Amino acid sequence: MLLAMEENEVVFEFTLDPIWHDYGLPMAVMGMFVVFVVLGLMVTFISLLPRIMALSSSATVPPATPIDAALGDDEISEELMVVIAAAVAATLQTPHRIVQVRGLTPADQGWSLRGRTLHHQSHQVPRRDPK
Amino acid sequence: MNALEYIGSKISDWFGTTAFPGLEWGNAIMIVIGIGFIYLAIFKHYEPLLLVPIGFGVIVGNIPTMAEMTLSVYDEGSVLQYLYFGVQKGIYPPLIFLGIGAMTDFSTMLSNPKLVLLGAAAQLGVFLTYLGALTLTFTPQEAGAIGIIGGADGPTAIFLASRLAPDLLGAIAIAAYSYMALVPVIQPPIMRMLTTREERLIRMRPSRIVSRQERIAFPIAAFLICTLFAPGAIVLIGMLFFGNLMKECTVTDRLALTARSAMIDIVTILLGFCVGASTNAQHFLQARSILIFGLGAVSFCIATAGGVLFAKAMNLVLREKINPLLGAAGVSAVPDSARVVQMVGQQEDSTNFLLMHAMAPNVAGVIGSAVAAGMLWSQLAK
């Protein structure tokens, strides 16, 4: 079918014939099929990826030993030490050395208690007599 | 000859060397189009990184020169022809893919793999347009190069056109980039027409955290899967996944940084400018160019509709429904079509964030269009 003319010259035509050739509809269908197969395989691989990773990591990494179990009641675990060191570093932002990290003893808490008591007393509101 | 006549003849000689005597209506129209591109880029923010170089290139390519002066991309030995060599031989597109790979995060795709299929469905636009071009008596090679416009991937379109139909390269490149820039205009009406309000309101489950090992394993495995089935995609897919591996392995940060910043910027400038400069009116303003533009528009619409309808079809069998708007992101205009999905989704529900989910079919679309291009090349190059 002739669609357009320009100075008596055919500009473009319309025909369904090429559709039925090997390079027509069969190739278009095959092209879509290949795209779906490739991306479908990719979907399968991605779905299996977490399991593959879990398998490989369980095969190579020895099971973790509970660190806290070996510690005494008054000892601080290694992880907690790292967290404290990171918190100190983030707060100070300067070169420093942590000399000691230990839990509070009842004596330490006594000083805190004394300080808190004095603080509260300094804010005592004068009592008003009820009328 | 008196002094006045002498001066007049000199002015006449000089005028003959200017661009004005050779300026035809076609050149003037193309210069206006170039200015239009620059206007759209600067004031409407339509793909400015592409349209500014292309628009200026269009203006440069349509300034007529004397026959003795070798200046245009079509003149043997001209500076512009050397720069155009990268377009003509398909050098720039793989380098762009390297940069895209180095800036792409496949995590959302890895966390929700079924969305990858939307990127495959959107390639329907490529193959239906291929058939459409065949019915309009384009050769199979030309039809393949035109069809890939539906992949909405400028570098892929340029790469395939340079391999299969170099004569149509300018028209195909301009059509591909123009429609990529017009994604926010073309896609929303189709997305709204094919979906109900209830479908547009569907919320997606948050993505899971993807481990570094998965992100490293993916580009290597995906490259093997793609290229074993479609070896024609080795250059594009290879560079895409190589760039991504450089990003994810974290031991080549310097290389990844260069690939996704300085290198891709330089190549984008050269590619855009040279493609624009190749649109000389004498080569570009032909009836076939108009046909290519028409087929490109149809191709984009079919690709968008294909993705949305496939998402709806998936919902028939899926227990956990997906928002069918995501199907439109299967068109691989990264990240524009994903942004359009977010925009249309938020028009219905301002608290529904689809952008990250839309990136999954979006990057899958890049892979899908490169596989389609590789497949067309391997079949039609024979």
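All values below were derived from every heavy atom in this structure, side-chain atoms included, with hydrogens, water molecules and symmetry-related copies excluded. All of these numbers come straight from a predicted model, not from anything done at the bench. In what follows, every chain begins at residue 1, and chains take the letters A, B, ... in the order their sequences are listed.
Contacts of B/Ala121 with chain A are made by both backbone and side-chain atoms, with heavy-atom separations under 4.5 Å. A/Leu25 touches chain B through backbone and side chain together, each having a heavy atom under 4.5 Å away. Contact annotation for B/Leu128: neither backbone nor side-chain heavy atoms come within less than 4.5 Å of a heavy atom of chain A. Both the backbone and the side chain of A/Tyr23 come within less than 4.5 Å of a heavy atom in chain B.
Under a 3.5 Å cut-off, the side chain of B/Ser332 and the backbone N or O of B/Gly151 do form a donor-acceptor pair.
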Exercise. Should B/Phe218 and B/Phe241 be marked as a ring pair (Phe, Tyr, Trp, His ring centres under 6.0 Å) after you check the CA-CA gap, both sets of side-chain angles, and the distance that decides it?
Worked result: CA-CA 9 Å; B/Phe218 172 72; B/Phe241 286 128; 5.7 Å; yes
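Residue with the most contacts toward chain B among A/Asp17, A/Val35, A/Ile19: A/Val35 (heavy-atom pairs, distance under 4.5 Å). For the set B/Glu214, B/Arg208, B/Gln213, B/Gln286, the count of heavy-atom pairs under 4.5 angstrom toward chain A peaks at B/Glu214. Interface check for chain B: of the options A/Val43, A/Val29, A/Val34, A/Leu41, the most heavy-atom pairs under 4.5 Å are formed by A/Val43. Annotation: maximal heavy-atom pairing with chain B below 4.5 Å, among A/Met42, A/Met32, A/Met27, A/Met53, occurs at A/Met32.
B/Glu320 has no carboxylate O lying under 4.0 Å from a charged side-chain N of B/Lys114, or vice versa, which leaves the two without a salt bridge.
Side-chain contact check for B/Asn244 and B/Thr104: no donor-acceptor pair (N or O, by modelled atom type) lies under 3.5 Å.
If you look at A/Phe36 and B/Phe310, their ring centroids are closer than 6.0 Å.
Taking each heavy atom of A/Ser47 and B/Pro113 in turn, the nearest pair found is OG-CG, 3.6 Å.
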